[in-house]
Amino acid sequence: MLRFKMSPSSAAAFLRFTFWTLLISPAVSLTCSTQKFNKNQVFSTCIDLPSLSSYLHFTYDSPIATLSVAFVATPPKSGGWIAWAINPKATGMVGSQALVAYKNSPTGVPVVRTYDISSYSSIVPKDLSFAVWDKTAESRSDGSLVIFAKIKVTADLAASGKINQVWQAGPGVGDGGMLVKHEFAAANLQSKGTLDLKNGHTSGSSGGDTTIKKKNIHGILNGVSWGILFPLGAMIARYIRAFESADPAWFYLHMLCQISGYAIGVAGWGTGLKLGSESLGIMYSGHRNIGIALFVLATVQIFALFLRPKKDHKYRFYWNIYHHGVGYAVLVLGILNVFKGFDILNPDRKWKLAYMIIIIALGAISFLLEAITWVVVLKRKSGKSNKPYDGYNNGQGGRQTLAT
């Protein structure tokens with residue numbers, strides 16, 4: 001049996017070499033400079049794009065304004081698609097001229113189609129506004145796809161030497177080449193930038209970060225207002241007022257929660273409108289319609305305070321029905337829309353879980369207080385029914401019901 005002896009210093013050197021090899025090799029394998037193509041195509045420049053683990057190889061022939069590209073990306077699901085596009089007039093996806101690759105069904109052969117994306121609601125194959133030829137696609141062993149194409153750069157873009165590029169990846173392709181909508185996570189929103197054809201580098205866009213911040217602000221404002229403050233205010237009005245010692249403190253606490261919730265909710269509603277105006281072609285109809293309904297109902301509810309009749313007024317009974325009905329509608333719609341917002345924003349699971357715990361806790365407290373207040377009210381009524389006539393309002397001078 002052969003035996004090899006290694007000194008401590010040699011062993012340490014070997015371990016360091018192994019460690020750095022393992023550390024560096026994954027990073028090297030994930031750069032465009034290590035990528036090879038089946039037909040050994042060679043390009044003068046390659047760039048590791050800043051999002052979606054995507055890569056762009058290109059050669060720009062400035063005398064004839066021709067751009068040869070190879071775009072490499074991995075679809076999020078098997079059967080998904082990848083896209084690389086030029087937007088002649090803007091920086092986003094809407095208005096872009098896209099090259100899209102996916103595996104054709106049922107053959108599984110990768111193909112390239114062109115899409116003129118005039119809006120998010122109309123994404124179907126269509127000729128581009130500039131000439132494009134030699135369109136081919138390649139499937140790689142790691143699951144990624146490659147788009148090859150040659151593009152005639154228009155005179156205005158050729159003069160500036162820069163183009164607005166957009167890239168994307170989606171989960172699937174429907175009938176007639178209809179692309180299944182991609183996610184709107186941070187990486188997807190950041191997949192755009194400016195490509196400098198002459199110097200061979202790209203600059204990213206901060207638009208995705210800004211949009212994400214606005215969405216987070218919108219979500220926090222509405223979650224706190226419609227999702228927490230309004231339910232808390234309703235609980236105070238229903239349960240705390242049953243205790244005579246809490247009158248009129250319960251009323252002011254109720255007002256504080258509802259007015260604060262309304263003010264914060266209006267701010268959140270405003271950020272939602274702003275996001276909608278800046279996201280052309282993106283429409284969350286259910287979330288939007290519930291938001292509008294909430295704003296209208298809550299506004300009517302707040303202004304109804306100025307029309308509140310006195311407790312002994314003949315119309316107070318009808319006002320109570322209206323006030324409670326609208327209040328419970330705001331309560332249910334508010335919580336429902338918060339969960340719709342979670343589905344759209346798709347934050348870390350812990351945030352949705354935290355909100356669910358808050359709602360469950362409020363529900364459990366409400367259930368407990370419901371039982372306690374019924375005991376208090378029944379005891380009070382029982383005591384009043386046994387009380388003899390005292391010459392004052394036939395013994396009915398105390399608190400009667402749970403009405404506001």
Students often mix this up, so state it plainly: with edges at 30° and 60°, are the rings of Y355 and F342 parallel, tilted or perpendicular? tilted
Atom CG in D343, atom CZ in F339: separation rounded to 0.5 Å? 9.0 Å
Under 3.5 Å, is there a donor-acceptor pair between the side chain of K181 and the main chain of G170? no
Does Y318 have more than 12 heavy atoms from other residues, nucleotides or ligands lying within 6.0 Å of its OH? no
Between Q41 and N38, what is the shortest heavy-atom contact and its length? OE1-N, 4.4 Å
Side-chain heavy atoms of Y239 within contact of I372, under 4.5 Å: no
Might you point out which heavy atoms bring I82 and V146 nearest each other, and give the distance in Å? CD1-N, 4.3 Å
Distance check, rounded to the nearest 0.5 Å: L232 atom CG versus Q258 atom CD? 8.5 Å
Are more than 12 heavy atoms, taken from residues, nucleotides or ligands other than E183, located less than 6.0 Å from that residue's CD atom? no
Just by modelled atom types, is the I151 backbone N or O under 3.5 Å from a matching donor or acceptor in the T66 side chain? no
Between I147 and A101, which heavy-atom pair has the shortest distance, and what is it? CG1-CB, 3.4 Å
For Q165, does its backbone N or O pair with a side-chain atom of W84 as donor and acceptor, under 3.5 Å? no
Look up atom CD1 in I358 and atom CD1 in I335, then write down how far apart they are to the nearest 0.5 Å. 11.5 Å
Less than 4.5 Å apart, any side-chain heavy atom of L56 and any of L195? yes
Hydrogens and angles aside, do H324 and N320 bring a side-chain donor and acceptor to less than 3.5 Å of each other? no
Which pair of non-hydrogen atoms, one from L99 and one from A149, has the smallest distance, and what is that distance? CD1-CB, 3.7 Å
Whether F37 and F148 hold their rings parallel, tilted or perpendicular, with breakpoints at 30° and 60°: perpendicular
When you compare the side chains of N87 and Q97, does any donor N or O come within less than 3.5 Å of an acceptor on the partner? no
D127 atom CG, over 12 foreign heavy atoms within 6.0 Å: no
Should Y102 and P75 count as side-chain neighbours, where that means a heavy-atom distance under 4.5 Å? no
If you count heavy atoms of other groups shown closer than 6.0 angstrom to NZ of K352, is the number above 12? yes
Using only atom types and a distance under 3.5 Å, with no angle test, would you say the side chain of N337 pairs donor to acceptor with the backbone of H287? yes
Does R140 reach the main-chain N or O of K36 with its side chain, forming a donor-acceptor pair under 3.5 Å? yes
Q35 and Y55 have their tightest heavy-atom pair at NE2-CD1, 3.1 Å
If only atom types and distance count, is the side chain of S96 paired as donor or acceptor with the main-chain N or O of A98 below 3.5 Å? no
Report yes if some heavy atom in the side chain of V330 is under 4.5 Å from a heavy atom in the side chain of L294; otherwise report no. yes
Mutual orientation of the aromatic rings belonging to W226 and F230 [parallel < 30°, tilted 30-60°, perpendicular > 60°]: parallel
Judged by atom type as modelled, is there a donor-acceptor pair below 3.5 Å linking the side chain of S191 to the main-chain atoms of Q168? no
For A73 against S54, the heavy-atom pair lying closest together: CB-OG, 3.5 Å
Taking C-beta and beyond as the side chain, do T299 and Y262 meet within less than 4.5 Å on heavy atoms? yes
Return the CG to CG distance between D61 and L197, rounded to the nearest 0.5 Å. 11.5 Å
Could you check whether atom NZ of K152 has more than 12 heavy atoms from other residues, nucleotides or ligands sitting under 6.0 Å from it? yes
Looking at side-chain heavy atoms only, is the closest gap between H323 and R308 below 4.5 Å? no
Out of V69, V72, T45, I47, which one pairs with H57 under the side-chain contact (heavy atoms from CB on, under 4.5 Å) rule? V72
Heavy atoms from other residues, nucleotides or ligands near OH of Y322 exceed 12 (cutoff 6.0 Å): yes
Rounded to the nearest 0.5 Å, how far does CG of N164 lie from CD1 of I86? 9.5 Å
Would you call V166 and I117 a side-chain contact if the rule is heavy atoms closer than 4.5 Å? no
If only atom types and distance count, is the side chain of S260 paired as donor or acceptor with the main-chain N or O of C257 below 3.5 Å? no
Mind checking whether Y60 and V153 have side chains closer than 4.5 Å, heavy atoms only? yes
With under 30° as parallel and over 60° as perpendicular, where do the rings of H182 and W81 fit, or are they tilted in between? perpendicular
